[in-house]
Structures are given as C-alpha cells and as structure tokens.
Amino acid sequence: MNAKEAIEAIDDLVFAKQGRWLEEPEKIVLRSAWLDLDYKDIAENSLYDINLLQRRVAPKLWVLLTGILGNGEKITKKRLRGIVEKRILLADNEPAKWNEATAGLPTLVGNLPDVSNFYGRTSELATLKELIAQERCVAIVGAAGIGKSALVAKLVQALRMGSYEFNSFIWKSVSYRPLLTDLVADLLRIFAYSENQELDLPESIQARTSKLFDYLRSHRCLVILDSAESLLQGDRNTNSNAYGKEYAEYGTFFNRVVEEQHESCFLLTTREPFIDFNRLQKKGRPARTVKLEGLGKEGLEIFRLHGLTNEDKWGDLVQTYRGNPLSLKMLAEKIQNFFGGSVKDFLKFKTVLMTDVFQESLDELFEDKGRLTILEKQIMFHLAEELHQDSVNSIVLSELLKEIKERQQGEVTTSEILEAIESLYARSLIEQGKNDNKEVLLRLEPQVIKYICTYSLKSVQNVVYDFKSA
C-alpha cells in the first residue's frame with residue numbers, strides 16, 4: 001500500500017466514524033508519517049508552515065486516529081504506518097471492512113452531542129417528531145445554551161431506535177460558515193460515498209443543487225445543520241437580505257428545499273430566526289420556526305445531580321437563569337466548588353453569574369456591526385439601564401414607546417419600534433408579559449442586564465444613541 005492509498009483509506013475511515021473528510025494539512029501530516037519524513041521536509045513542499053503542521057495539526061490528528069483505529073494503542077507519527085498496516089492489510093486490503101458503517105449509507109453521519117444528562121423536553125420532542133414528518137424546513141431558535149443541539153440529538157436517538165422512517169441522518173455543524181457550493185459538495189460526497197459511487201461533482205452551484213435534490217427525492221433523509229445562525233451574514237441596518245452578499249444563495253437554496261417535491265427535511269438549530277422561513281410558513285408552505293424556551297421544574301434535577309443544598313431556593317435560581325440548562329449547570333458547579341454546595345451562602349452575595357457561551361453570544365450580537373440594528377441596540381440599552389437603576393422587573397410598552405420617540409425627536413416611527421421589539425423577542429433577547437391591567441410589559445433576563453451594564457456598557461454606548469445626553 002503506497003502513501004496515496006493509505007491516506008485515502010484513512011480518509012474513508014475518518015469519514016465513516018466522524019462524518020467529515022480529512023483537511024489538506026492533515027493529509028500532509030499523514031504523508032510525512034507514512035514516508036517517514038521530517039515535518040521540515042514536508043513543509044518545504046507545501047503551502048503550510050511547519051509550526052502549524054507540527055504543533056497544531058499533528059497532535060489533534062494523532063488523538064483522532066488513536067480513538068478511531070488505535071484499539072488500545074496510541075497512534076504517533078512513528079507508529080502510524082505499522083498500526084495501519086496491521087489493522088488494514090490483515091483485513092484483505094479492503095478498507096470497507098474497517099467498519100460496518102462503510103457498507104452502505106450510515107444510519108448517522110456526523111457526531112451527536114452528548115445527551116447523557118438530558119432533562120425533560122417531552123412535549124418539545126413530540127412536537128418536533130410531528131414537524132419533521134410534515135415540513136421540509138424546520139428551524140429551532142433559542143438563546144445560547146438553551147439546549148437546541150441537545151434536543152435535536154435526543155430526537156435523532158429516539159428516531160433511530162423507533163419505527164420512524166428516515167433512511168439516513170446527517171449531522172453537520174455549519175459554524176465555520178461554509179459557502180453554499182461547499183456545503184452542497186459535502187452533502188453530495190456523503191450520498192455518493194453511501195452508494196459506493198464515484199463522486200461526480202458539477203462545477204456550477206445550480207447543477208450541484210439539482211443533483212442534491214435527486215438524492216433527497218430518492219433517500220428520505222433528515223439533514224441537521226447545527227449553529228445555522230453563522231449563515232446569516234447580512235447587515236440588517238442596510239440590507240433586507242439576511243444572508244448578505246456572499247451567502248445570498250442560501251436564500252434561494254432554502255426556498256427550493258421548501259418548494260420542491262421530496263420527503264426529506266432540513267432541521268436547523270440557530271440563535272437567530274430565519275425570516276424567510278417565517279414568510280414561507282405564513283404562505284402555508286412546509287416550513288416552520290420553533291422557539292425553544294428554558295426548562296421548568298426539570299431544571300431542578302441539575303441542582304440535584306450536583307448535590308446542592310437548600311432545595312427550597314432552587315426554583316428561584318431556575319427562574320433567574322430562565323431555565324437555561326448550560327447556565328444552570330455552570331451555576332451548580334460554581335456553587336459546589338466555591339460555596340460547598342450551599343445555595344443559601346451563594347445567594348448572600350446577590351450576584352448573577354454568566355457562562356462563557358452566553359457572553360460570547362452577546363458579544364457577537366453587540367460587536368458585530370450588522371447582527372442587531374441600531375434601533376434594537378438602543379432599545380436593549382434603554383431597558384437594561386431602566387431595569388438596573390430603578391430596580392424594577394419590567395417596563396410598560398406604552399411608556400417605552402413614548403420615551404424612545406421623544407428622545408429620537410420623531411426620527412423613528414411607532415411601527416419601527418414595534419418591529420424592533422418583535423425582532424428582539426424572536427432572538428430571545430427581550431421578554432414580554434402583561435400586568436393586571438392587560439398592559440404589555442417588557443423585561444430582560446438578569447444575565448442580559450448584567451452583560452449590558454457590566455461587561456460591555458462602554459462598547460454599547462459607543463455604538464448606540466446616548467440617551468442621557470438627549
């Protein structure tokens with residue numbers, strides 16, 4: 001077996017196990033190991049720096065391959081060839097025998113998140129089962145850490161164990177922002193590989209997409225695009241195209257997914273709504289958006305799992321953190337580590353903690369020029385300031401409308417403000433309720449208030465209209 005054949009065989013195995021193909025730098029590292037070349041020698045004939053290959057790519061690759069074909073043996077640069085030859089050549093030189101998954105379309109392509117500690121969501125799972133049977137595009141929208149990916153992973157597990165009929169499941173994170181032509185190419189590779197076909201990849205995106213739809217019609221497939229908000233790159237202050245110029249083709253693509261005849265379904269997890277899905281839904285087309293809220297009493301199980309005390313106070317914490325599973329897990333760990341598990345001792349400090357994921361999500365929204373409109377940021381800043389300074393739980397909508405219109409001196413209409421509030425609610429950044437007089441109330445969850453008033457007050461003030469000077 002020469003180096004090319006070995007790399008191709010390893011590439012096939014990584015795909016079968018991980019649902020992805022090897023990147024070019026990884027293939028270069030494999031070539032150097034197979035031919036027993038120094039990283040310096042192999043880097044001289046490539047476009048990649050030796051430090052990248054040796055210190056960043058290689059260590060992760062050896063860990064990956066140890067888990068896939070090590071069988072108890074640690075894979076290193078020096079040991080790769082011997083282990084691969086022992087594992088593969090003894091199997092009659094047929095890489096397809098490495099894993100049963102290579103014998104046909106895998107039941108699941110890609111890695112599901114760990115859902116060993118999954119709480120509640122019975123009704124949400126039932127709803128999703130119905131929707132993916134009826135719709136061709138479903139978007140699950142929710143805040144960072146709310147459990148979108150975990151919910152879908154649990155759904156896939158349930159479908160694979162039950163009698164629900166999908167020929168295949170493809171899990172693909174799009175957090176790296178692939179262009180449509182690359183995403184479609186990856187999906188075509190998966191289908192071609194599943195049927196032991198040579199990949200015939202058309203040059204044009206139109207031809208690639210048409211070929212993909214041929215597969216979607218012949219295979220009932222559930223395609224999960226995780227972290228799909230990464231595809232929404234448009235500047236919402238200047239352009240109505242949510243995808244932006246470089247990703248505009250996604251709008252046409254998802255429209256085709258909804259409009260063309262097939263029995264497959266695209267299921268997206270996203271922190272931001274896909275407006276075109278909402279429009280198609282209003283027209284009665286098979287597209288749907290589902291907003292995922294936090295856990296209720298199921299969130300108490302997270303505190304029980306971590307052995308916290310003062311159970312009578314757990315419910316208040318679940319409400320403060322809006323039942324966000326990731327936030328509750330982080331909170332429980334810190335209370336256990338720093339307060340010996342005593343919720344009572346933690347509450348004495350009257351503080352709100354925030355996960356890195358939650359903060360990074362808000363950083364992206366407030367620091368990225370086009371993710372929130374200027375008006376949306378103004379509303380968020382005003383609400384946080386009022387709720388923080390006046391120590392109130394909510395603000396009456398009519399009062400907010402009056403204050404913003406006065407401070408904007410007629411430059412913004414009531415309709416524009418209401419649209420901005422609606423958008424913020426869809427993004428789980430603002431909450432709505434009603435008082436006894438049936439007046440609409442607006443509020444922010446404590447983590448959002450803390451972020452605006454503590455972490456990024458200066459940056460937000462630099463971006464938005466300074467109300468104090470108005």
Side-chain angles (χ1 to χ4, degrees), residues 59-60 63-64 66-67 111-121 124 142-154 157 173 175 226-227 269 271 292-367 384 387-388 391 393 428-429 431 443-460:
K60 293 181 180 179
V63 171
L64 173 69
T66 295
N111 288 329
L112 297 180
D114 179 24
V115 288
S116 54
N117 294 320
F118 187 84
Y119 308 94
R121 303 296 196 193
E124 290 92 337
I146 206 68
K148 303 179 294 295
S149 300
L151 176 65
V152 176
K154 195 69 174 180
Q157 285 187 350
S173 171
S175 60
D226 195 32
S227 301
T269 70
R271 298 174 187 174
L292 187 61
E293 305 289 354
L295 297 173
K297 62 181 180 180
E298 299 91 350
L300 301 177
E301 294 301 316
I302 297 176
F303 296 148
R304 185 168 289 109
L305 180 66
H306 285 80
L308 302 190
T309 60
N310 313 113
E311 187 171 346
D312 59 313
K313 301 183 184 300
W314 292 359
D316 293 337
L317 288 179
V318 172
Q319 173 58 29
T320 297
Y321 291 85
R322 300 305 192 260
N324 186 302
L326 186 61
S327 296
L328 295 179
K329 182 176 182 294
M330 173 275 302
L331 178 66
E333 290 174 349
K334 290 191 180 296
I335 291 176
Q336 186 59 254
N337 291 338
F338 296 108
F339 299 93
S342 173
V343 174
K344 181 179 178 181
D345 289 346
F346 167 73
L347 291 174
K348 291 177 182 178
F349 291 88
K350 298 180 179 180
T351 187
V352 175
L353 304 180
M354 186 181 304
T355 66
D356 292 341
V357 171
F358 197 92
Q359 183 179 339
E360 289 170 2
S361 173
L362 293 175
D363 283 342
E364 291 177 4
L365 288 171
F366 279 96
E367 295 175 7
L387 294 171
H388 179 68
S391 298
N393 294 324
S428 302
L429 293 173
E431 300 173 341
R443 53 182 172 264
L444 303 175
E445 66 170 284
Q447 288 188 87
V448 174
I449 295 174
K450 179 167 185 175
Y451 174 85
I452 296 176
C453 295
T454 304
Y455 284 102
S456 63
L457 183 57
K458 292 182 180 180
S459 63
V460 172

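For the numbers below, each heavy atom of this structure counts, side chains included, while hydrogens, waters and symmetry mates do not. Model, not experiment: these values are computed from the prediction.
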**Fill in**
Closest heavy-atom pair, L326 versus T355, reported as atoms and distance to 0.1 Å, is O-CG2, 3.8 Å
**Request:** Dump the intermediate steps for side chain to side chain contact (heavy atoms under 4.5 Å, CB included) on E124 and E293, then the final yes or no.
**Result:** CA-CA 10 Å; E124 290 92 337; E293 305 289 354; over 6 Å; no
**Item:** Enclosure of H388 NE2 (heavy-atom neighbours >12, cutoff 6.0 Å)
**Value:** no
**Item:** Closest non-hydrogen atom pair, V318 against G299
**Value:** CG2-C, 4.1 Å
**Item:** Pairs satisfying salt bridge (Lys or Arg N to Asp or Glu O under 4.0 Å), at least one member in residues 312-324, at least two apart
**Value:** R322-E431
**Side chain proximity check, Y119 to I302, heavy atoms < 4.5 angstrom** = yes
**Asked** With sequence neighbours left out, what residues match K329 under side-chain hydrogen bond (donor to acceptor under 3.5 Å, both in side chains)?
**Response** E333
**Asked** Minimum heavy-atom separation for L362 to L429, with atom names?
**Response** CD2-CD2, 3.7 Å
**Minimum heavy-atom distance P325-G145, with the two atoms named** = CD-O, 3.3 Å
**Message:** I146 vs L151, test: side chain to side chain contact (heavy atoms under 4.5 Å, CB included). Steps then yes/no.
**Reply:** CA-CA 9 Å; I146 206 68; L151 176 65; over 6 Å; no
**Prompt:** Looking only at heavy atoms, which two atoms of S327 and Q447 are closest? And how far apart?
**Reply:** OG-NE2, 3.2 Å
**Request:** Before giving the answer on side chain to side chain contact (heavy atoms under 4.5 Å, CB included), spell out for T351 and K450 the whole-Å C-alpha distance, their side-chain angles and the decisive distance to 0.1 Å.
**Result:** CA-CA 9 Å; T351 187; K450 179 167 185 175; 3.5 Å; yes
**Asked** Which of parallel (below 30°), tilted (30 to 60°) and perpendicular (above 60°) describes F339 and F346?
**Response** perpendicular
**D345/F338 under side chain to side chain contact (heavy atoms under 4.5 Å, CB included): CA gap, chis, key distance, verdict** = CA-CA 10 Å; D345 289 346; F338 296 108; over 6 Å; no
**Asked** With a 4.5 Å limit on heavy-atom distance, are the side chains of K148 and R271 in contact?
**Response** yes
**Asked** Quick one: CG on L308 to CG on L328, what's the gap to the nearest 0.5 Å?
**Response** 10.5 Å
**Fill in**
Scanning both residues in full, the closest heavy-atom pair of P446 with V352 reads CB-CG2, 3.9 Å
**Complete:** Rounded to the nearest 0.5 Å, the CE atom of M354 sits from the OH atom of Y321 at a distance of 9.0 Å
**Message:** Is any side-chain heavy atom of E311 closer than 4.5 Å to one of L300?
**Reply:** no
**Message:** Please identify which of these residues, S173, S149, S175, meets the side chain to side chain donor-acceptor pair (under 3.5 Å) condition with D226.
**Reply:** S149
**Asked** Would a 4.5 Å heavy-atom cut-off, applied to side chains only, mark I335 and F303 as touching?
**Response** no
**Asked** Are side-chain heavy atoms of N393 and R443 found at a separation under 4.5 Å?
**Response** no
